[in-house]
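This report refers to the structure that appears directly beneath it.
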There are 2 protein chains.
Amino acid sequence: MFRGGGKLGHMTAGPGEHRERRSGALLEFLARRMRLRSESVLAPLGLRPRHLVALTVLREAGEMSQQALAGSLQLDGTNVVGLLNDLETADLVERRRSPEDRRRHVVSLTEHGTKRLNEAECALASAEDDVLAALDPVERDTLYDLLRRASSGGPATCTEAIRDNPDVLC
Amino acid sequence: MFRGGGKLGHMTAGPGEHRERRSGALLEFLARRMRLRSESVLAPLGLRPRHLVALTVLREAGEMSQQALAGSLQLDGTNVVGLLNDLETADLVERRRSPEDRRRHVVSLTEHGTKRLNEAECALASAEDDVLAALDPVERDTLYDLLRRASSGGPATCTEAIRDNPDVLC
DNA sequence: TATTGTTATACTCTATAACTATA
DNA sequence: TATAGTTATAGAGTATAACAATA
C-alpha cells in the first residue's frame with residue numbers, strides 16, 4: 001500500500017496534480033496498526049495501549065492533576081478515573097490529595113511504574129519493528145524525535161483557550 | 001507536555017537512564033489529537049476521520065477488493081461494509097463485481113471522490129497546523145514522508161502470512 | 001467445502017448527566 | 001456558586017456468529 005514516494009526527496013507535483021501532503025490520515029492509519037500489534041504484546045503484562053500512553057505522558061511531563069492529564073490525553077475526565085484506577089491498583093501510579101487544594105488529586109508515576117513502563121517499551125520493540133519495518137534505524141530515530149517534539153506544547157493551552165473564549169476554533 | 005528533546009539531535013542517554021525511544025505511544029497520542037481536531041472540521045463535509053483514511057488508502061493503493069481494504073485498514077470486514085455504504089451513498093466510491101470472481105466487489109475512488117478527498121485535505125490544513133504547531137514546514141514535510149514510507153508494505157502481506165501460517169506472530 | 005460479502009448481535013470505548021466534597 | 005473527582009448510564013465503535021451467493 002501507499003506506493004511511490006521512495007526515499008525522502010520531496011516529490012514535485014505534476015502540473016495538474018495538486019499533491020496534498022497531509023499527515024492526518026497517515027497518522028491514524030499507522031497508529032491503528034501500532035495499537036493492534038501492541039495489544040497482544042502488552043496483554044501478558046496486564047496493560048493496554050492506553051495505559052502506556054498515560055504512563056508515557058506522566059513520565060515526560062511529570063506529576064499533574066487528573067484534569068490536566070485528561071487535557072493532555074484529550075480524554076474525558078470520567079474516563080481518566082477508570083484508567084487511573086487500573087494503574088493505581090497495579091501500583092504503577094499514585095494519587096494523593098493536593099495540600100493546596102484538597103479537591104485535587106496529584107497523579108504521579110511510582111518507582112514500580114517507571115520500571116514497568118520501561119519493560120513494556122522493551123516488549124513493544126518487536127511490534128514497533130513490524131509496523132516501522134520500512135524505515136531504517138536512523139529514520140526511526142528521526143520519526144521519534146519529530147513525534148516527540150510535535151507532542152510538546154500540547155492542547156492544554158488550547159483547552160484553556162476554549163474555556164476562556166468559546167469562539168476560538170481549536 | 002513532553003518537555004526536552006529540542007531540535008533533532010539524538011539525545012545521548014545518561015549513565016543509568018535507560019532511554020527508550022519508542023514511537024508507539026506518541027503515535028497514538030498524536031493520532032488522537034488529530035482525530036478530535038479533524039472531526040469538527042470534517043463534519044460540515046459529511047465525513048468522519050475514518051472515511052478520510054479509507055479514501056486515502058484507495059487513492060494511494062488504487063482499487064482493491066473489500067477484503068484487501070479491510071486488511072489494509074486492519075479493520076474487520078463487517079465494518080468495511082458500513083464504511084463503504086457511507087462512501088458509496090455519497091458517490092465517493094464505487095463497488096462493482098469482479099468479472100474474474102463474481103464473489104468479489106472491486107472498490108475504487110470515483111472522480112467525485114478524488115475531488116472531495118482533496119477538498120477535505122485542504123479543510124484539514126488548520127487542524128494539522130494546530131496539532132503539528134511545534135514543527136516547522138520542513139519538519140512537517142519530513143514527518144509526512146516518514147509516515148508515508150512507513151505505511152508502505154502494509155499488513156496485507158502480514159495478514160496473508162497469518163492465513164498461510166497461523167503460528168506466525170504478526 | 002471454502003471464500004466474499006452481508007446482516008444481526010454482543011462487547012468495548014467514550015461521552016453526557018447527576019452526585020459528593022471541597023473552594 | 002463554581003470546580004475536582006466520582007458514579008451511573010447511554011451512544012458510538014468494533015468484533016463475533018450465522019447467512020447468501022459464488023467458486
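Numbers restart at 1 for each chain; the letters A, B, ... are given by sequence-line order, proteins then strands. Side chains included, hydrogens not; waters and symmetry mates left out as well; all remaining heavy atoms used.
Summarising the geometry, the separation between CG on B:Leu83 and C1' on C:dG5 is reported as 15 Å, rounded to the nearest angstrom. Distance A:Gln67 CD to D:dT6 C1': 14 Å, rounded to the nearest Å. For the pair B:Glu39 CD and D:dA12 P, the computed distance is 12 Å after rounding to whole Å. If you take CD of A:Glu88 and C1' of D:dT6, they are 13 Å apart, rounded to a whole angstrom. Summarising the geometry, the separation between CG on B:Asn85 and P on C:dG5 is reported as 13 Å, rounded to the nearest angstrom. To the nearest angstrom, C1' of D:dG13 lies 12 Å from NE2 of B:His51. Distance CD (B:Gln66) to C1' (C:dT7): 13 Å, rounded to an integer number of Å.
Within the structure, salt bridge (Lys or Arg N to Asp or Glu O under 4.0 Å) contacts touching residues 104-115 of chain B (residues at least two apart or in different chains) do not occur. Annotation: side chain to side chain donor-acceptor pair (under 3.5 Å) contacts involving residues 43-52 of chain A, sequence neighbours excluded, comprise A:His51-A:Asp86.
Of the possible polar contacts, none joining the A:Glu128 side chain to the A:Ala125 backbone as a donor-acceptor pair under 3.5 Å is found.
Judged as a side chain to side chain contact (heavy atoms under 4.5 Å, CB included), and not counting sequence neighbours, the contacts of B:Glu94 are B:Arg96, B:Ser108, B:Thr110. Under the rule for a side chain to side chain contact (heavy atoms under 4.5 Å, CB included), the partners of B:Arg95 that lie at least two apart in sequence or sit in another chain are B:Gln66, B:Leu84, B:Asn85, B:Glu88, B:His105, B:Val107. Residues satisfying the side chain to side chain donor-acceptor pair (under 3.5 Å) test with B:Ser98, not counting sequence neighbours, are none.
Side-chain nitrogen and oxygen atoms of A:Arg104 include none within less than 4.0 Å of the OP1 or OP2 phosphate oxygen of D:dT6.
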Sugar-phosphate or base contact per nucleotide [nucleotides 14-23 of chain C; S, B, -; heavy atom under 4.0 Å] | BBBB----BS
